[in-house]
Amino acid sequence: MPDNYQDTAYRMYDSSHLLFQKKQWFNANYLSGYILECYCKLVLTLYSQHGYSFSRGHSTLRSFGHKLSDLKNEIDLISLSGCAASSYCLDILSTCPNTLNEWDPKRRYEPDSSTLNTKTLAEKIHMETESLIDMIMKMDIDGVII
């Protein structure tokens with residue numbers, strides 16, 4: 001069964017949003033990183049469906065793993081290409097600076113004193129996540145997500 005980045009993004013958003021409301025900052029922030037990853041992979045899926053290939057030696061979406069910086073760089077290139085996918089490219093550095101700089105799946109074992117467990121960071125990341133979900137919903141409404 002192929003990966004379903006849309007369902008995963010919505011599922012992670014629902015959980016992250018609920019955790020944010022319950023003031024469970026660490027896990028709310030942690031799950032938000034996966035939303036950014038899924039958003040990027042949705043754009044890359046759209047890009048590849050139009051016959052384009054990825055740069056920097058990536059041959060599949062899985063080859064990107066959880067490397068948000070690689071995904072961001074690929075989105076930056078797509079945004080400049082003028083292809084159909086470029087209209088769905090957010091400027092990730094300005095839209096999601098906190099998620100991009102703070103998230104790493106290896107951080108899941110950090111102590112409660114971690115910066116991921118702060119309300120200040122959670123509020124910033126929560127706003128970033130809202131922007132990502134808005135764009136995913138736009139892609140869904142436009143019918144470009146398969």
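All values derive from a computational prediction rather than experimental measurement.
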To the nearest 0.5 Å, tell me how far [X] [atom1] sits from [Y] [atom2].
{"X": "L42", "Y": "E37", "atom1": "CG", "atom2": "CD", "result": "10.5 Å"}
{"X": "L77", "Y": "S86", "atom1": "CG", "atom2": "OG", "result": "12.0 Å"}
{"X": "D104", "Y": "S69", "atom1": "CG", "atom2": "OG", "result": "10.0 Å"}
{"X": "N98", "Y": "M127", "atom1": "CG", "atom2": "CE", "result": "11.5 Å"}
{"X": "L132", "Y": "M137", "atom1": "CG", "atom2": "CE", "result": "13.0 Å"}
{"X": "N29", "Y": "S16", "atom1": "CG", "atom2": "OG", "result": "7.0 Å"}

Which pair of non-hydrogen atoms, one from [X] and one from [Y], has the smallest distance, and what is that distance?
{"X": "G65", "Y": "L71", "answer": "O-CD1, 4.5 Å"}
{"X": "W103", "Y": "Y30", "answer": "NE1-O, 2.7 Å"}
{"X": "R107", "Y": "E102", "answer": "NH1-O, 2.6 Å"}
{"X": "C38", "Y": "A9", "answer": "CB-CB, 3.7 Å"}
{"X": "S131", "Y": "L90", "answer": "O-CD1, 4.1 Å"}
{"X": "L19", "Y": "N27", "answer": "CD1-CB, 3.6 Å"}

Quiz item: Can you name the residues that form a side chain to side chain contact (heavy atoms under 4.5 Å, CB included) with D3, not counting sequence neighbours?
Solution: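 Y5, R62.
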
Self-check item: side chain to side chain contact (heavy atoms under 4.5 Å, CB included) involving K23 - partner list, sequence neighbours excluded
Solution: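 Counting only residues at least two positions away or on another chain, K23 forms a side chain to side chain contact (heavy atoms under 4.5 Å, CB included) with W25.
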
Practice problem: For side chain to side chain contact (heavy atoms under 4.5 Å, CB included), just list the numbers for C40 and L68, CA-CA rounded to whole Å, side-chain angles, deciding distance to a tenth of an Å, and then say yes or no. | Solution: CA-CA 8 Å; C40 291; L68 294 183; 5.6 Å; no

Quiz item: Quick one: ring-ring contact (aromatic ring centres under 6.0 Å, His included) partners of Y47, sequence neighbours excluded?
Solution: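 Y47 satisfies ring-ring contact (aromatic ring centres under 6.0 Å, His included) with Y52 only.
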
Exercise. Keeping the roles fixed (side chain from S87, backbone from A84), state whether a donor-acceptor pair exists under 3.5 Å.
Key: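 Checked: pair present.
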
Taking C-beta and beyond as the side chain, do [X] and [Y] meet within less than 4.5 Å on heavy atoms?
{"X": "L46", "Y": "Q49", "answer": "yes"}
{"X": "I133", "Y": "Y10", "answer": "yes"}
{"X": "L44", "Y": "I78", "answer": "yes"}

Exercise. Give me the other members of the hydrophobic cluster that L18 sits in, counting Ile, Leu, Val, Met, Phe, Trp and Tyr linked by side-chain heavy atoms under 4.5 Å, directly or via other members.
Key: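 Direct or chained contacts put L18 with none.
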
Quiz item: Apart from I125 itself, what residues make up its hydrophobic cluster, given side-chain heavy atom links below 4.5 Å?
Solution: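 Hydrophobic cluster check, I125: joined to F26, L116, L121.
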
Exercise. Quick one: which residue pairs count as a ring-ring contact (aromatic ring centres under 6.0 Å, His included) with a foot in residues 115-146, not counting sequence neighbours?
Key: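 Listed by first then second residue: H17-H126, F20-H126.
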
Tell me, please, which residues at least two apart from [X] pass salt bridge (charged side-chain N to carboxylate O under 4.0 Å, His left out).
{"X": "E74", "answer": "none"}
{"X": "D112", "answer": "none"}
{"X": "E128", "answer": "none"}
{"X": "K67", "answer": "none"}

Return a table of donor-acceptor pairs under 3.5 angstrom between the side chains of residues 139-146 and protein atoms on other chains or two or more places apart.
from, atom 1, to, atom 2, distance (Å)
D140, OD1, Q6, NE2, 3.3
D140, OD2, Q6, NE2, 3.0
D142, OD2, Y88, OH, 2.7
D142, OD2, K138, NZ, 3.0

Quiz item: With sequence neighbours excluded, what pairs up with N4 under the side-chain hydrogen bond (donor to acceptor under 3.5 Å, both in side chains) test?
Solution: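 D7.
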
Quiz item: How far apart are the C-alpha atoms of S32 and T99, what are their side-chain angles, what is the distance that settles it, and do they pass the side chain to side chain donor-acceptor pair (under 3.5 Å) test?
Solution: CA-CA 7 Å; S32 293; T99 307; 5.8 Å; no

Practice problem: Take N73 and D76, measure what side chain to side chain contact (heavy atoms under 4.5 Å, CB included) needs, and give me the verdict at the end. | Solution: CA-CA 5 Å; N73 291 339; D76 288 347; 4.3 Å; yes

